[in-house]
4 protein chains.
Amino acid sequence: MRQNLILLIHCPDREGLVAAVTSLIRKVGGNIVDLDQHVDAERGVFFMRVEWTPPGDPDVTARFEKAFSDAVAAPYEMHWRLEQADRRLRMALFVSKYSHCLYDVLSRWQSGEWAVEIPVIISNHPDLEHVARAFGVRFEHIPVTRETKAAAERRQLALLREERIDLVVLARYMQILSADFIASMPERIINIHHSFLPAFAGGQPYHAAFTRGVKIIGATSHYVTADLDAGPIIAQDVVAVSHKDSVDDMVRKGRDLEKIVLARAVYAHLQHQILVYDNRTVVFE
Amino acid sequence: MRQNLILLIHCPDREGLVAAVTSLIRKVGGNIVDLDQHVDAERGVFFMRVEWTPPGDPDVTARFEKAFSDAVAAPYEMHWRLEQADRRLRMALFVSKYSHCLYDVLSRWQSGEWAVEIPVIISNHPDLEHVARAFGVRFEHIPVTRETKAAAERRQLALLREERIDLVVLARYMQILSADFIASMPERIINIHHSFLPAFAGGQPYHAAFTRGVKIIGATSHYVTADLDAGPIIAQDVVAVSHKDSVDDMVRKGRDLEKIVLARAVYAHLQHQILVYDNRTVVFE
Amino acid sequence: MRQNLILLIHCPDREGLVAAVTSLIRKVGGNIVDLDQHVDAERGVFFMRVEWTPPGDPDVTARFEKAFSDAVAAPYEMHWRLEQADRRLRMALFVSKYSHCLYDVLSRWQSGEWAVEIPVIISNHPDLEHVARAFGVRFEHIPVTRETKAAAERRQLALLREERIDLVVLARYMQILSADFIASMPERIINIHHSFLPAFAGGQPYHAAFTRGVKIIGATSHYVTADLDAGPIIAQDVVAVSHKDSVDDMVRKGRDLEKIVLARAVYAHLQHQILVYDNRTVVFE
Amino acid sequence: MRQNLILLIHCPDREGLVAAVTSLIRKVGGNIVDLDQHVDAERGVFFMRVEWTPPGDPDVTARFEKAFSDAVAAPYEMHWRLEQADRRLRMALFVSKYSHCLYDVLSRWQSGEWAVEIPVIISNHPDLEHVARAFGVRFEHIPVTRETKAAAERRQLALLREERIDLVVLARYMQILSADFIASMPERIINIHHSFLPAFAGGQPYHAAFTRGVKIIGATSHYVTADLDAGPIIAQDVVAVSHKDSVDDMVRKGRDLEKIVLARAVYAHLQHQILVYDNRTVVFE
């Protein structure tokens with residue numbers, strides 16, 4: 001079986017872009033399986049995701065990259081990358097004390113729902129080590145205090161390097177990462193926030209939602225940027241609440257939202273469906 | 001046919017409240033058709049809505065009110081009111097230039113879906129007079145500028161008195177009402193805001209939603225208070241959007257949300273299902 | 001302003017399809033504004049919608065159609081059509097006694113939300129003539145009984161021809177159209193059914209939903225085929241219900257669903273976003 | 001801490017019911033914490049759930065039951081039961097090969113989200129034993145063939161008795177239970193069906209949904225009755241799909257629905273929120 005390739009592009013919108021890309025894929029003997037394209041008319045930016053089957057030739061990737069770079073990407077000023085559809089990404093999970101997202105991600109991995117590797121779980125608390133053990137995953141307890149934060153992040157980053165991590169998933173990790181840490185993994189850290197952002201950013205969103213008397217609560221999954229809870233949104237969903245719901249009821253209903261919304265975002269990332277531009281995401285489905 | 005009565009109560013939570021109320025209704029010969037009760041455990045407040053059929057006795061309402069006031073409401077420190085289920089409320093519509101909520105409300109009225117009177121439509125622009133005319137409703141054009149605002153509101157209030165208005169519905173009325181105006185109609189002015197409050201309060205919410213890159217947009221209907229877009233929320237709903245949706249697409253999708261959410265809130269008010277406490281609503285459905 | 005063209009295609013899936021189409025558009029001097037493509041891998045069918053701006057040349061449409069037919073459509077065995085994005089379609093409304101969908105469609109037309117013509121409303125009952133009159137639309141009352149049905153349909157078809165109707169919208173029209181009538185307007189008759197099809201096809205779906213005790217009700221808009229309530233589905237949506245909802249409550253909640261779902265389907269048709277294949281729709285959004 | 005009691009009632013609707021029940025609770029010194037009541041006006045049936053705190057008296061339950069039975073339940077012909085709010089129910093899980101619901105239920109139990117006991121998992125396949133082991137739960141592999149079905153059910157029932165099981169949860173158990181088995185656990189077997197019932201009952205619902213071209217798929221949790229997939233519905237939810245979704249995509253999206261909907265139904269059962277009448281549920285929330 002030849003492995004499909006996924007080409008992701010964004011560039012200034014110009015005439016002939018689709019034809020230029022698809023013609024080159026055709027020229028190297030590739031067959032397009034799925035093409036999704038989008039133009040942000042207001043900003044004049046073109047986005048494309050093409051999944052294609054290359055010919056049997058073992059050098060096709062290198063050959064395509066060279067030809068594409070010279071003949072298409074350069075003249076059209078493209079930002080682009082080429083991903084292998086079947087490569088299993090390596091994911092690190094960061095957790096604190098809440099276990100629902102952790103259980104959910106581990107279940108999807110262990111049951112084979114997600115084709116991913118999870119070499120390590122990192123936590124600032126020891127509480128969830130038993131979960132990691134039940135699923136047979138390495139657990140590293142790295143406490144974080146104001147004083148030790150810099151050292152703790154160095155240890156975390158060393159672990160990420162050691163385990164060759166492609167993606168960090170903050171599964172209700174209750175610490176704020178430093179700008180340096182974030183900069184080392186651009187568009188590769190996914191967080192779940194327990195509100196319908198931008199409403200109720202920051203701590204205690206369910207309490208804030210209760211006090212405001214909203215009739216719907218939400219959860220938001222986003223790439224982490226240096227600006228707290230303000231990174232590019234990947235997925236959101238909501239659930240109805242009423243005056244009958246106490247803060248505890250909202251927390252309970254919210255847990256289900258959080259794990260489903262986080263899973264949708266991670267899945268889209270694993271499928272190489274996401275392009276980020278101007279702090280917004282294009283999610284090709 | 002005897003007309004049902006609706007008793008709405010809130011008071012400090014105490015033992016024996018339900019028994020005290022239902023026993024008195026029983027005592028005057030009433031039959032409970034629907035009872036909904038709620039306790040806000042955190043704040044220690046009790047809420048109840050009881051719909052009941054009184055006996056044939058023509059004086060029953062006065063008799064009940066007297067007995068209830070003395071024997072139940074006073075000792076339990078209740079805020080309460082008694083509504084007649086079938087009385088048709090008189091509603092004034094305030095509009096500016098957007099017509100979708102106006103058409104929707106008028107259609108529900110004219111088709112008999114809502115048992116309500118709409119004696120007058122008030123607008124700061126003349127644009128929608130043709131709609132009022134098509135539906136046979138009085139239309140009053142009252143321009144509002146910074147200088148004329150006080151005088152305009154006096155004219156508006158005079159119209160509300162003249163038409164004995166029970167409820168003002170701001171169907172995308174693009175002016176801010178003064179605190180005095182609002183105070184004259186407490187919990188009797190319903191607005192539709194074109195965002196999922198508290199996200200994107202104020203003007204241009206669809207532009208703000210686009211810029212933030214949210215994956216869901218919403219609409220919120222609430223009672224108007226002196227604090228802009230911060231009154232008690234009655235109803236909210238949302239619709240999914242994606243990177244494909246331009247601001248114009250959001251406006252289009254949002255229009256449908258706005259009219260449905262506004263209609264739900266107005267309907268709940270017409271059914272006397274809403275209690276307000278601490279800037280939150282209890283909506284008994 | 002040059003008017004955009006919309007090319008809609010489906011054909012057996014083959015290598016090089018996207019390149020072939022986009023290259024030809026490029027060759028005639030067109031600029032692709034939006035391209036959406038889909039492959040039904042199971043059935044091996046390729047679907048594409050391309051919106052493009054032609055060059056200023058007045059003959060470009062004819063020139064493109066000739067070249068496309070010979071060089072692309074024929075060798076790839078394509079079913080295809082070319083639509084003009086800004087041409088206003090002419091829509092006939094069929095109604096009986098329920099007015100909510102009628103009001104909704106007329107409001108969208110009269111407010112300019114939809115760029116469409118509505119030359120005629122046809123009904124088997126006289127009840128809604130006053131609505132047509134308020135909106136200034138021709139109303140034709142054509143009663144239908146078992147005996148007169150064939151004659152009535154001839155009158156209806158004559159009206160459709162006379163008014164050069166492109167699209168028939170059954171806005172809660174309570175009669176079943178004959179197979180001949182339907183065959184004369186293939187994929188050009190849109191119905192709204194007041195259930196979540198295929199659940200509760202046929203009459204009285206809200207009663208059936210109540211009896212079954214479902215917790216969600218729905219509405220379905222579909223193209224009409226000779227097989228009752230079984231045509232290709234264009235849009236569906238749902239709303240939560242509970243034990244508190246009587247049949248009348250379901251009817252009330254359902255009305256809002258029906259008008260929104262019908263409007264989404266009609267809008268997609270007006271935008272030439274729909275392809276039908278194998279009794280299913282591809283709706284490019 | 002005194003444990004709350006939950007009184008669940010249904011009976012023919014009569015005047016004075018609420019007053020009769022609440023007065024008696026008051027008389028034994030109880031304090032009503034939450035009262036929810038519903039009248040099915042069409043069928044003339046009254047439903048009520050009252051949660052109340054009894055006085056410190058150790059005999060209060062027996063005393064209340066005696067008084068209630070004689071003075072209220074008998075004259076009003078009530079079906080009723082009294083549950084202890086904090087008693088941990090004992091749940092058995094039945095599974096086959098799909099693990100997503102199993103993981104989800106076990107996670108809720110192990111994390112303490114649900115106050116429940118799970119003494120045993122029963123499966124007709126050995127595949128998921130490793131999951132049971134990771135969570136430390138007894139796993140019993142009881143193969144089922146047409147020939148061995150009766151014997152297998154006897155073993156299953158013996159296990160349920162041995163473990164004093166209150167509730168059976170079919171977490172994607174792919175066998176049909178016999179009428180006798182079901183009769184032995186009335187309204188105590190909860191199933192999750194992977195469609196929006198009554199649409200697509202029976203096997204292969206995602207294939208059927210794909211073929212029909214629906215735009216929304218759903219999941220349904222219900223009490224099991226002898227009539228396949230036709231028992232009283234407890235919870236349903238849906239998710240949007242489009243032409244882009246293959247059967248596999250529907251299966252993937254459906255998995256998340258299934259586990260959330262099953263969990264909502266089980267939670268409502270654990271909270272004693274459900275009354276069944278006429279093959280429909282009243283779910284007090």
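Inter-residue side-chain proximity for A:Leu35 and C:Leu35 is flagged as met; some heavy-atom pair is nearer than 4.5 Å. The shortest side-chain heavy-atom distance between A:Val18 and C:Val18 falls under the 4.5 Å cut-off. Two residues are said to be in side-chain contact when any heavy atoms from C-beta on lie closer than 4.5 Å; A:Gln37 and C:Gln37 fail this criterion.
With a 6.0 Å radius and a threshold of 12 heavy atoms from other residues, nucleotides or ligands, A:Phe68 has its CZ atom above the threshold. The environment of CZ in A:Phe47 is crowded: more than 12 heavy-atom neighbours from other residues, nucleotides or ligands sit within 6.0 Å.
The shortest heavy-atom contact between C:Val39 and A:Val33 is CG2-O, 3.9 Å. Between C:Ser23 and A:Ser23 the shortest heavy-atom distance is OG-OG, 3.8 Å.
If you take CG on C:Asp36 and NE2 on A:His38, they are separated by 11.0 Å, rounding to the nearest 0.5 Å. Separating the CG atom in A:Leu17 from the CZ atom in C:Arg26 is a distance of 8.5 Å, to the nearest 0.5 Å.
Neither the backbone nor the side chain of C:Val21 comes within contact range of chain A; no heavy atom of the residue lies under 4.5 Å from a heavy atom of that chain.
The most heavy-atom pairs under 4.5 Å with chain A, out of C:Leu24, C:Ile32, C:Asn31, come from C:Asn31.
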